[in-house]
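Notes follow the structure.
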Number of protein chains: 2
Amino acid sequence: MSYILLEKKLKEIADIQYAIAVLNWDQETYMPIKSSASRSRQIATLATLAHQKSCALDLKNCIDAALQENLSDEQKANVTLALKDYTKAVVLPEDFVNRLSMHTSEAYHAWVDARDHDDYSLFQEALTTMIELKREQASFYTTAHPYDALLDEYEPGATVAQLDPLFKSIKEQLLPLLKTIKQAQQVDNSILHNYYKEEQQWNFSMQILQHIGYDFEAGRQDFAEHPFTTSFSSQDVRITTRVDENDFSNLLWSSIHEAGHALYEQGLRDDMYGMPIGSACSLSIHESQSRIWENNIGRGMHFWKYWFPILQKQVNSFAKTSLQEFYAAINKVSPSLIRTEADELTYHFHVMIRYELEKGLIEGSLHPKDLKQAWNDAYQNYLGVCPQDDVTGILQDIHWSHGSFGYFPTYTLGSLYAAQFYAFAKQAIPNLESDIEHGHTNAFLNWLRNSIHAFGRRYTSDELCKLVTGSSLDTQYFFDYAHSKYKDIYKF
Amino acid sequence: MSYILLEKKLKEIADIQYAIAVLNWDQETYMPIKSSASRSRQIATLATLAHQKSCALDLKNCIDAALQENLSDEQKANVTLALKDYTKAVVLPEDFVNRLSMHTSEAYHAWVDARDHDDYSLFQEALTTMIELKREQASFYTTAHPYDALLDEYEPGATVAQLDPLFKSIKEQLLPLLKTIKQAQQVDNSILHNYYKEEQQWNFSMQILQHIGYDFEAGRQDFAEHPFTTSFSSQDVRITTRVDENDFSNLLWSSIHEAGHALYEQGLRDDMYGMPIGSACSLSIHESQSRIWENNIGRGMHFWKYWFPILQKQVNSFAKTSLQEFYAAINKVSPSLIRTEADELTYHFHVMIRYELEKGLIEGSLHPKDLKQAWNDAYQNYLGVCPQDDVTGILQDIHWSHGSFGYFPTYTLGSLYAAQFYAFAKQAIPNLESDIEHGHTNAFLNWLRNSIHAFGRRYTSDELCKLVTGSSLDTQYFFDYAHSKYKDIYKF
């Protein structure tokens, strides 16, 4: 039966891709420095192999034969998605895939080096080559805007034509809200900037991860330069975090965020290992899962009604802080330089800046040599702040070193989906918020598992959103959520 | 040029094999438990790919064409060895390689589970399948004894016909020496069995590793169930160790032993990545490097003349111990149950027992259901001790779970080579032992690098031994070394 053979082939490709993910995880956690060059070539060789298999003629023949078979709906969906992936992969020449993979490792090391020396110029050359490669990649596809071809890799179907008005509406809605907040009585979050020992922060995060259902028998948390989630099957989904002993919020919410991603991956169907239905829907849906845990739950009053007394017992500094003060502190809105530390509102401007710069770099209207200036200008423009160094400016994100152009917009889409999903979760789960106040998040996780995780790639982001909420993405959910939350905190 | 193409092909095979090594390292250090099944299939898929490439017709054609080219001696050696590897690999059917790889991961997990429950019966079934697979493997080759085919994988050219008399001579020489020692005044090593905190042991071992030249920028040490060394290139060679807080010797000499292996791998030529000349000669030569550091250096008086005063400063328990007492304690000869903790003399009986049992299992004269009894009888017979449980008996070694039959004899060969090499190092390096007493081991490391490491697989074990010492392996060097060392300690 061709479907069985197709399964075998797809699982083998997944094996290689997961092996690459292990090599990457190791590279970013425990790998010794001198290993860089050999690790680059090992990953490149595996990437080439996976690519060869992904666009092999016998895979195509197998897909075509399977399409003729009498299949279940699920099987049909797998075959159709496999055809879509094949069609996308076959366009990229093997030599290009190998060059991209080799350069990705090199660019990563250049980025690490540039960060170590706080010097963008050490990254510029590698970034320039990377952008040339991504422009080359885009040129293999026919799209209205070259950036659309890259977007599609992370968010199937997303386009500049769709994102431009979306970001415009965010600007129109959020700028007045930010102005109102700016005029209100400001929140004091200095309590978060006492000294909190690494071990203490780590241990508290581990309790929360366990509590929200992250399965440590199917994952682990480690430290890395840049927090990320990676998966080697639904039974091995790892997260990383980082620590700042003078910022209590850095480690914790990055851990919860990554755990949100990880809960999604752990919730994918193990019996669909390597198959489209066993894979994540899209990056925006992925991000909706991290954001829903980080913000809608993890920065919510209900969650902290349960956790704050526990925190107070474990960490002395918080003994005299009230729950309301703590809640306001962790939700303080304030324009800042670092995307991953931004509040829920200004966050979207960090994304918008990157979106606009990426578009420029890919269409060729912006050159990497002018990028630092453009970055700094954009921060001044949108947020009224300007980086004083490269580490807190243009070098803060790992994405470009990985060649991930078109990835950032999914962060904003994810927040918007999260707000919409959360609104419907409250309707679907009786007593959701009172459950959370009593330390029970499992009904919520189960709802996510059944409504979102279990489907994998069976539906597109848009189809899934309609299935769960009855309509396509609607930014109003986020604006309503934001308005009601911050009105309470800033009393306007 | 075909040689250039051959290099490319061999390096790609190496990339895949090193990727497998990373997946294995992760499996034995940090991998969460539920990952087992998916990890097994990932490793199996990569192993099949590596095997396919190792016996592909176009590799053979490339080798044949390269043989016609005008090559340097080194290049010629690489091509000749590549042909040898190809000839060996092509015999194994792809389906067999895949089954063996899948089962190896399963058997490993069965072994871990059996150890956790101290119950050999939980491992017996997986072991039985493994032995059937190894018998099948042997059947693909024509050898005088089926075990010879397996030996050849670790020690090219080694045979039962050669090892039987070698172990006989060891018995003949060591049994009288052990008898003499037994009749002498016994050594008190109770000082090694005080309580030594994990952190203290770890830190001390790290200082020694650094000191003897292990490059932490091209490697790292972690904890694992069973100590091992693994390499992902000469620039990334990792070791693992284990700790027993009531046995000071457990962690330290296992670390030095593995570091000896690692120094060899770090000393291989980086410009020969993936090529035969960039690979280790054989497992006996590999073991000679671990043993020479563990025993000839690491349990030698000269080494501790330098290190013991440092140890005394760091670890209080040793404050009132004399150097001579410490030296005797770390060299105490006493029949025991655990191979990796055995002294240098009884060690060879641990190896001999495994050699004889393996031979029986592979030729079919011994069945796994009778193995535990046979193991216990052999220990009683040769060493006068009998395991009271499986963890300190038949389940102590990882090797059979990995399918490594024919591996153990290389441990004894390695010790013998180490003694012979060390005897020549003393002639070659002026003031070697006084250097060591003053904390300088770099001349010794350089000698190993130039005399042994740099050649990789260019010469066979026997050729290399002749090159370094002027003659083939001669057991007399070990007996002379042992006699003189233990005469001093046991005063006979």
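Heavy-atom basis, side chains included; hydrogens, waters and symmetry copies ignored.
Salt-bridge annotation for A:R238 and B:D26: present, with a side-chain N of the basic residue lying under 4.0 Å from a carboxylate O of the acidic one.
The residue among A:A44, A:S35, A:S233, A:A19 with the most heavy atom pairs within less than 4.5 Å of chain B is A:S35. Per-residue heavy-atom pair counts under 4.5 Å with chain B were compared for A:A37, A:S36, A:G274, A:S38, and the maximum is reached by A:S38. Considering only heavy-atom pairs separated by less than 4.5 Å from chain B, the leading option among A:L23, A:I43, A:T29 is A:L23.
B:D215 touches chain A through its side chain: at least one heavy atom from C-beta onward sits under 4.5 Å away, while N, CA, C and O do not. Using a 4.5 Å cut-off between heavy atoms, B:L49 touches chain A through its side chain atoms alone. Contacts between B:Y30 and chain A at a heavy-atom distance below 4.5 Å involve backbone atoms as well as side-chain atoms.
Rounded to the nearest 0.5 Å, atoms CG (B:D236) and CD1 (A:I33) are 11.0 Å apart.
When all heavy atoms of B:R220 and A:P32 are compared, the pair lying nearest together is CD-CD, 4.5 Å.
Checked against A:E12 for a side-chain contact (heavy atoms from CB on, under 4.5 Å), the options B:T48, B:L46, B:T45 give a single hit: B:T45.
A donor-acceptor distance shorter than 3.5 angstrom exists from the side chain of A:Q42 to the backbone of B:F232, with no hydrogens or angles considered.
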side-chain contact (heavy atoms from CB on, under 4.5 Å) between B:R39 and A:Y18: does it pass, once the steps are laid out? CA-CA 9 Å; B:R39 181 57 52 90; A:Y18 284 134; over 6 Å; no
